[in-house]
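By convention in this document, chain letters (A, B, ...) are assigned in the order of the sequence lines, proteins followed by strands, and residues within each chain are numbered from 1. Hydrogens, waters and symmetry mates are skipped; everything else that's a heavy atom, side chains included, is used.
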Amino acid sequence: MSAAGHALALRGLTKRYGDFTAVDDVSLEVAQGEFLTLLGPSGSGKTTILMAVAGFVAPSAGSILLDGREITPLPPEKRNFGMVFQGYALFPHMTVAENVAFPLRVRGLSRADRDTKVRAALDLVQLGTFADRLPKQLSGGQQQRVALARALVFDPNLLLLDEPLSALDKKLRAELQEELKALHRRVGRTFINVTHDQEEALSLSDRIAILNHGKLIQSGAPGTLYEAPRTRFVADFLGKSNFLEGTVQGADADGFVLAAGPDRLRVRLPAGSAVPAEGSRRLLSLRPEKISLLSDGEAADNTVDGRILAWSYLGAGFALRVATPSLGEIRAVLPAWQAAIAPAEGLPVRLGWSADAAVPVEDDAP
Amino acid sequence: MDGIHPTGPAARGLAWATALYLVLPILIIVPVALTDQRYLSLPQDGISFQHFRTVFASPEWLGSIWQSFIIAVCATVLSVVAGTLCAIGCWRISRRATDLVRVLMLLPLIIPSIVYAIGLYRYFGPLGLLDRFAGVVIAHGVTGIPYVVITVSTALAAFDPRLEQAARGMGASLSQTLRWVILPRIAPGIFSGAIFAFIHSWDELVMVLFIASRDVFTLPRRIWDGINENLDPAMAAVAVLLVLFTTLLLMADRALRRRSEG
C-alpha cells in the first residue's frame with residue numbers, strides 16, 4: 001500500500017430534511033494524511049456530514065472537493081472511499097477473506113492479485129490466521145479489524161470511520177484506539193472519524209472539528225481546543241469545565257481583571273489575543289484540574305474560600321464540589337498524591353489557580 | 001420455552017383437538033387409498049396396494065402428474081422472478097406508493113379464485129390462451145406472486161441496509177450489490193416463496209376448470225373428474241402421493257429456514 005493521502009474540502013455544506021437543518025453551512029478543510037475527527041453530541045450533524053462525504057446523502061447546498069476537484073455529484077461507488085460502518089457491516093455470508101476481497105472483486109482484479117492484497121491487508125491488522133472464519137465467529141474487536149482491512153485493501157482516497165469503536169467495551173476501545181492511531185501512521189492516509197466520545201477524539205486526532213446543531217463550532221488540534229475553547233459549548237463538551245461570569249475591569253495589554261461579585265479574578269491572556277472592552281460581561285472557562293487546594297499561607301494569582309459540598313474518589317485523584325459564597329459551586333480535580341487533606345463534607349478549603357488557567361469563552365449555551 | 005408458565009390441561013386439550021381437526025381429514029385418505037374394494041371405501045378384508053399400481057400403470061394419471069409438475073415448475077419460475085423483483089423494488093424505493101403496490105400484489109390472495117378465473121377466461125379467449133400450457137403457466141405464475149412477495153419482503157425486512165451501503169461504498173454497482181450481497185442474504189426467503197408458489201400451482205383446481213379443458217389436464221383436474229365420474233379409489237392413492245409430496249416440500253422449507261437461522 002502506497003502512502004498517498006488526499007485532501008478534502010467542504011464548502012458551505014448544508015443538508016435540510018424538510019424544515020429541519022441537519023447540517024448548516026459547514027466549511028472545513030482536511031489536509032493530506034490528516035486524522036480529522038468530527039465530534040459532537042447526537043443530532044449534531046456529524047454523521048450526516050460523513051454520509052455526504054461518502055455519497056450516501058446528497059447535500060442540499062454546498063460542495064465537496066477532493067484535491068480541489070468537485071465530487072459532490074458522484075455516487076458512492078465512484079468515489080473510491082473506504083468506510084468502516086458503525087456495527088462494521090461485514091457481510092455475514094462471506095468469510096473474513098471474502099469480505100476483505102469484496103472491493104477487489106468488484107474492481108475485477110484477478111484471483112491471484114486479490115489473494116496477495118487480501119493477505120497483506122489481513123496481516124496489517126494482525127488477522128492473517130482468521131481468513132477462513134465467518135464474521136460471527138470473531139469477537140467484536142476482531143470484526144472491527146476486518147472492517148478496517150476491508151476499507152483499506154483497495155487503496156482508497158480517504159478512510160471514513162463512523163463511530164468505529166462505539167460497540168466495544170472500554171478496555172478494548174482503548175487498545176483499538178492505539179491500534180487505529182498506529183495504523184494511521186503506517187498507511188499515511190487521510191482518515192475522517194465520527195464520534196461522540198471526547199476521549200477518543202482527543203487521543204486519536206490530529207485535528208478535531210466540534211459540531212453542535214448542525215453548525216461547526218470550532219476546529220483545531222486537540223490541545224488547542226482543550227486549552228483555548230472558543231465557546232462555552234466547546235469547553236463543556238470537550239472535558240469538564242467551571243464557568244465564571246463577571247464584568248471586565250482594569251484591562252491592559254497583559255490581560256484583565258474580571259469582577260464577579262466581591263471577587264476580583266486576574267486573567268492573563270496569551271500574547272496577541274484581543275483584550276475585552278472595559279465594562280463588558282465575560283464568561284471564563286476554568287478546568288477543574290487547573291485548580292489546586294491551597295494550604296495555610298500559600299499564595300496564588302486567584303484564590304477563593306469555600307466548603308466541600310461533595311467529593312468522590314477517582315483512584316488517581318479526588319473530584320471535589322466546593323460551594324463558594326460568591327462564585328457558586330466550583331468543581332476541582334486533585335491528584336491523590338498531592339491532596340494534603342482527607343476530604344470530608346463541610347470541610348472549609350481555599351482554592352487557588354493561576355492567572356492563565358482560566359480562558360474567556362463566548363456564551364453560546366442554552 | 002424456559003421460564004414460561006406451563007399450560008393447563010384445558011388449553012392443551014384444545015390445542016390437540018385443533019391439530020387433530022386439521023390433520024384427520026387428510027389422514028382418512030390413507031386407509032381409503034389402501035382399500036381392497038373397487039370403489040371409494042375403507043378397507044374391509046385387508047389392505048391392498050392395487051390402486052397405487054393402477055395409478056403408476058395408467059398413462060392418463062402419469063401424464064397428468066407430469067403435466068402438473070412442468071406447469072408448476074414454470075409457474076414457480078415466473079412467480080419467483082416477478083415477486084422477488086417486486087419485493088426488492090418496493091424495499092429500495094420504500095415510499096407510501098410502494099406500500100400500495102405491495103397490497104396490490106396480494107390481491108390474488110384476497111380475491112376469490114373463482115372471480116379471478118372468470119376474469120382470466122374473458123381475457124384468455126381472444127388471446128388464444130385457453131386450454132394452452134402457456135395460459136395455465138401464466139395464470140398460476142401470476143397468482144403465485146403474493147407468496148414470493150410476502151416471503152421475500154419478510155427476508156428483506158431483516159436485511160441490514162448498511163450492508164448495501166457498505167457494498168456501494170466499496171465500489172460495487174447496483175447489479176453487483178444485488179448479486180453478491182442482497183440475493184445471497186434473502187435466498188432463504190426466495191426459496192420459501194418458491195416452495196409455496198409451487199404448491200399453489202400444483203394443487204390449483206378452480207382456474208384450471210375455467211381456462212383448460214382437453215389438452216391441458218392437470219392432476220387436480222383429473223382427481224376432480226374422477227370423483228364426478230367413477231369414484232375410483234385410485235384417486236385416493238393419488239391424493240396420498242400429493243400429500244406426501246407437499247409434506248416433503250414443506251419439510252425442505254423448514255430445513256432451509258433452520259439452516260439460514262443457525
Side-chain angles (χ1 to χ4, degrees), chain A residues 47 50-57 74-95 98-109 121 134-137 143 146-164 167 192, chain B residues 80 84 87-99 151-194 252-262:
Chain A
T47 303
L50 194 78
M51 289 296 169
V53 172
F56 297 119
V57 165
L74 288 183
E77 62 266 29
K78 295 263 189 310
R79 297 194 181 192
N80 202 39
F81 292 172
M83 180 143 180
V84 175
F85 285 80
Q86 204 173 357
Y88 320 132
L90 298 177
F91 302 126
H93 57 289
M94 297 183 193
T95 64
E98 284 167 347
N99 262 286
V100 177
F102 185 89
L104 306 173
R105 195 167 149 206
V106 304
R107 283 167 178 73
L109 261 72
L134 286 173
K136 67 178 175 206
Q137 296 167 314
Q143 290 184 20
V146 176
L148 270 172
R150 189 177 67 171
L152 284 168
V153 70
F154 58 102
D155 291 327
N157 293 333
L158 281 183
L159 185 69
L160 309 175
L161 304 141
D162 185 9
E163 309 236 1
I192 300 180
Chain B
V80 165
T84 304
I88 292 177
C90 288
W91 172 73
R92 275 192 56 86
I93 300 167
S94 191
R95 292 211 196 96
R96 200 166 300 165
T98 61
D99 288 342
T151 56
V152 175
S153 295
T154 312
L156 282 170
F159 179 84
D160 182 354
R162 276 175 314 184
L163 295 184
E164 194 204 346
Q165 286 192 336
R168 301 287 301 277
M170 286 184 279
S173 67
L174 201 57
S175 80
Q176 285 171 326
T177 309
L178 197 63
R179 257 182 303 151
W180 293 337
V181 178
I182 299 178
L183 284 181
R185 293 300 299 153
I186 61 169
I190 297 176
F191 280 122
S192 257
D253 180 51
R254 263 185 76 91
L256 263 173
R257 271 171 211 241
R258 200 169 302 162
R259 236 188 62 191
S260 70
E261 281 161 14

- Query: Who wins among B:Arg162, B:Gln176, B:Gln165 for the most heavy-atom pairs under 4.5 Å with chain A?
  - Reply: B:Gln165
- Report the option among A:Tyr88, A:Phe81, A:Phe102 that has the most heavy-atom pairs separated by less than 4.5 Å from atoms of chain B. A:Phe102
- Query: Among A:Ala54, A:Pro75, A:Gly55, A:Pro103, which residue forms the greatest number of heavy-atom pairs with chain B at distances under 4.5 Å?
  - Reply: A:Pro103
- Message: Is it true that, when you exclude B:Phe191 itself, more than 12 heavy atoms of the residues, nucleotides or ligands shown sit nearer than 6.0 Å to its CZ?
- Response: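 No, because the 6.0 Å sphere around CZ of B:Phe191 holds 12 heavy atoms or fewer from other groups.
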- Message: Around atom CZ of B:Arg254, are there more than 12 heavy atoms from other residues, nucleotides or ligands closer than 6.0 Å?
- Response: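 No - once you tally the heavy atoms of other residues, nucleotides and ligands closer than 6.0 Å, there are 12 at most.
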- Query: A:Leu160 versus chain B, heavy atoms under 4.5 Å apart: side chain, backbone, both or neither?
  - Reply: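 It is neither, since no heavy atom gets under 4.5 Å.
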Closest approach of [X] to [Y] (non-hydrogen atoms, all atoms of both residues):
{"X": "B:Trp180", "Y": "A:His93", "value": "O-NE2, 3.0 Å"}
{"X": "B:Leu163", "Y": "A:Pro92", "value": "CD1-CD, 3.7 Å"}
{"X": "B:Ala172", "Y": "A:Val106", "value": "CB-CG1, 3.6 Å"}

- Under 3.5 Å, side chain of A:Arg107 to main-chain N/O of B:Met170, donor-acceptor pair present?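 It does hold such a pair.
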